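We count residues from 1, following the sequence as given. Source: prediction; values computed, not measured.
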Amino acid sequence: MLRGADSLYRYGGEEILMLLPETHGAGVRQAGERARGGVEALGIAHEGSPVGVVTVSIGAAVYDPAQGGHGAWTQVVERADAALYQAKRGGRNRVEVAPDGSGSA
């Protein structure tokens, strides 16, 4: 699922942080969908889930070093976190990608 340059970290209690260098736009959504689908395909029973198995909600954001700026990493994490909560509000078991932070989506 991950490429050689990609990294996966536990970030908080139930949150995972994936760093995907040089991945933008559609590639971020594709990676999120592969991760989401991979977890669902494991078929781990979960009585509280509407689909009966463990699923994940994913919030993603793109960081463009060319945009730079003070606190850029904290801002991208905040945007990804907001996208995560949007995915949860939207029905869970889905991927939401935050706008790029430059005012365009």
Side-chain angles (χ1 to χ4, degrees):
M1 180 182 337
L2 295 178
R3 303 166 301 173
D6 298 341
S7 301
L8 189 66
Y9 303 93
R10 184 174 182 171
Y11 186 82
E14 296 178 351
E15 294 180 346
I16 303 295
L17 175 67
M18 285 186 358
L19 297 180
L20 309 169
E22 298 181 19
T23 305
H24 302 281
V28 170
R29 183 172 296 283
Q30 288 174 339
E33 285 294 347
R34 280 194 312 272
R36 186 208 56 75
V39 169
E40 185 175 19
L42 292 171
I44 300 169
H46 184 325
E47 293 178 15
S49 170
V51 295
V53 297
V54 171
T55 62
V56 295
S57 299
I58 296 176
V62 173
Y63 171 73
D64 184 352
Q67 290 180 344
H70 178 71
W73 274 108
T74 57
Q75 292 168 0
V76 76
V77 170
E78 288 170 3
R79 291 191 347 260
D81 196 49
L84 168 62
Y85 284 98
Q86 181 178 348
K88 289 180 177 186
R89 285 189 304 271
R92 300 182 179 257
N93 193 25
R94 58 189 295 142
V95 176
E96 292 289 341
V97 179
D100 67 9
S102 67
S104 62

- Correct closest heavy-atom pair for Val54 and His46 would be N-CB, 3.7 Å
- Item | Gap separating the CD atom of Glu78 from the CD atom of Gln75, nearest 0.5 angstrom | 6.5 Å
- Message: Let me check something: do Ile58 and Val28 share a hydrophobic cluster, defined by ILVMFWY side-chain heavy atoms less than 4.5 Å apart, either directly or through other members?
- Response: yes
- Query: Under a 4.5 Å side-chain heavy-atom rule over Ile, Leu, Val, Met, Phe, Trp and Tyr, are Val77 and Tyr85 clustered together?
  - Reply: no
- Return the minimal non-hydrogen interatomic distance between Val95 and Arg29, and the atom names on each side. O-NH1, 3.1 Å
- Query: Looking only at heavy atoms, which two atoms of Pro21 and Arg3 are closest? And how far apart?
  - Reply: O-NH2, 3.1 Å
- Query: So which heavy atom on Val51 is nearest to which on Thr55, and how close?
  - Reply: CG2-CG2, 3.6 Å
- Note on the structure: Nearest heavy-atom approach of Ala35 to Met18 is CB-SD, 4.5 Å
- Item | Nearest non-hydrogen partners of Ala87 and Arg94, listed with the distance | O-CD, 3.1 Å
- Item | Under 3.5 Å donor-acceptor, Arg34 side chain and Gly37 backbone | no
- Query: Do the side chains of Leu84 and Val62 join up, straight or via other hydrophobic residues, at under 4.5 Å, putting them in one cluster?
  - Reply: no
- After noting the C-alpha distance and the side-chain angles of Leu42 and Val53, does the key distance pass the side chain to side chain contact (heavy atoms under 4.5 Å, CB included) rule? CA-CA 8 Å; Leu42 292 171; Val53 297; over 6 Å; no
